[in-house]
2 protein chains.
Amino acid sequence: MAETRARKPRADALKNRALLIDAAKEVLGKGGPNASLEAVAQRAGVGIGTLYRHFPTREDLFHTVFRQEMEELADIADSLRGSPDPLEAIRHWLHSNVAFVETKRGMLGALSIVMTDESKRTYADLSGRVTSAVNDILARGRASGQIRDGITAEDLLQTMYALCYARQPGPDWKSQVLRLLDIFVDGLAPTAQPTNGSNPARA
Amino acid sequence: MAETRARKPRADALKNRALLIDAAKEVLGKGGPNASLEAVAQRAGVGIGTLYRHFPTREDLFHTVFRQEMEELADIADSLRGSPDPLEAIRHWLHSNVAFVETKRGMLGALSIVMTDESKRTYADLSGRVTSAVNDILARGRASGQIRDGITAEDLLQTMYALCYARQPGPDWKSQVLRLLDIFVDGLAPTAQPTNGSNPARA
DNA sequence: CAGTTATACGGAGGATGCCTCCGTTTATCA
DNA sequence: TGATAAACGGAGGCATCCTCCGTATAACTG
């Protein structure tokens, strides 16, 4: 056992870490995922070595920044748990996400890094909150016959981010994304149309 | 007016340009959009200066490579013009696109560059062929009541690329993308479900 | 075919960014 | 008030970007 009593983390380390995260939000949010990390360090007022000590890889920095942003989205999902109309709750939640993304456009590029690889592990807790809340709503939608079987919270997130990501900033960005997203949500209904040619289908 | 009679382009220039495009297909297709351009020049067996003379920016190179790949997709769209079931034709075309994208995974990153900015102008002709064919199919779908109003070819492309792009390579990549895409296609039906909460809906 | 010239070639080199390494500084603890 | 573990900063080696310009050569001309 020995003494596991570690020394308290140094105050300057904590402060610099926070400074770096703030700087990263700004610089990466503006310059996209290829922004210079030296610029981030400079904006934070620390040396480049300090940045790399705290965040050994570019991904580490993205993950940390992104986690902070995501907490808010998890809260929204929670707040919609008891909503009376599940399908509209889903729609509302997705729209909120889009609105949120809208303000962080520059971070979009980072999504391709963040939403991939082993982010499941990195975001297990947050992801759990969101997934649980959304799946809860989906289950109620299935029960009420509004939503087909086999849809997961991940499907929704995936599609939403995909649509946000693919569309370049522009005057009609949001309305276009929402329009396509609504079509997708409409498609969540139980076989709105026979899904594939092989099905005899009702006349 | 003077003499606009220009000199014939030099043979070596044409040859090197072709070599560069081939090399770019390979190197960019493998290494993604951040692959080294010097590696492209090296593989083509030309100097880096030659590469930059032909393609002043990274985007220029992407555009050129991509255009060649896209011709094939335009052909598929054309071939589906006369298909008897418009909605299934749409589905089929989208699936073909996904299959095509699957073989060029490395190019996916380039899409964010290619599909954005002023690509309308760069691809006006190709885009015209695709758009015209797909819109033709869409129109027939509207006429037969299978497809709602207001859907454009661009909507479909946008969504498909978005879904392809957002999902990381993996064993189930294709099936997942196709599943989400099918949901979207189902959503193309005229208000499969009342689009917004205000409608009383049928019991 | 030889001379002229427009055009293209190649790669050196300055600029920038990545990341590592290590001598110096400083916060914590006794 | 020391001792020391922890953190700091930035120099420096390496890679890539892109420009610039002296050299080479294909296309034209007589």
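Because only heavy atoms are used, hydrogens play no part in the values below, and waters and symmetry mates are left out as well, while side chains stay in. Residue numbers begin at 1 in each chain, while the letters A, B, ... track the order of the sequences.
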Rounded interatomic separation in angstrom, taking [atom1] from [X] and [atom2] from [N]:
X	N	atom1	atom2	value
B:N34	D:dC18	CG	P	11 Å
B:K8	D:dT25	NZ	C1'	15 Å
B:L61	D:dT16	CG	P	16 Å
A:I48	C:dC19	CD1	C1'	8 Å
A:H54	D:dA6	NE2	P	14 Å
B:Y52	D:dT19	OH	P	8 Å
A:R17	D:dA7	CZ	C1'	14 Å
A:D60	C:dC18	CG	P	15 Å

Return the nearest nucleotide to the side chain of [X]; candidates are [options].
X	options	answer
A:L37	D:dC17, C:dC18, C:dC9	C:dC18
A:T50	D:dC8, D:dC17, D:dA11	D:dC8
A:R53	D:dA7, C:dC18, C:dA8	D:dA7
B:R7	D:dG9, D:dT19, C:dA6	C:dA6
B:D12	C:dA8, C:dT28, C:dC19	C:dA8
A:V46	D:dG9, D:dA7, D:dC18	D:dG9

Salt-bridge present ([X], [Y]; N to O < 4.0 Å):
X	Y	answer
B:R129	B:D75	yes
B:D22	B:R43	no
B:R91	B:D186	yes

**Request:** Report the residue (B:R10 or B:E38) whose heavy-atom-nearest nucleotide on DNA chain D is the more 5′ of the two.
**Result:** B:E38

**Message:** If you assign each of B:A11 and B:T57 to its closest nucleotide in DNA chain D, which residue comes earlier from the 5' end?
**Reply:** B:T57

**Message:** Could you check whether any side-chain N or O of B:N135 sits under 3.5 Å from a backbone N or O of B:S132, counting only pairs where one atom can act as donor and the other as acceptor?
**Reply:** no

**Asked** Using a cut-off of 4.0 Å on non-hydrogen atoms, how would the nucleic acid contact of B:A35 be classed: base, sugar-phosphate, or nothing?
**Response** sugar-phosphate

**Phosphate OP1/OP2 of D:dC8 contacted by A:N16 side-chain N/O (<4.0 Å)** = yes

**Asked** Does OP1 or OP2 of D:dC17 have a side-chain N or O of B:S36 closer than 4.0 Å?
**Response** yes

**Asked** Taking the side chain as C-beta and beyond, is there a heavy-atom pair between A:F55 and A:R17 under 4.5 Å?
**Response** yes

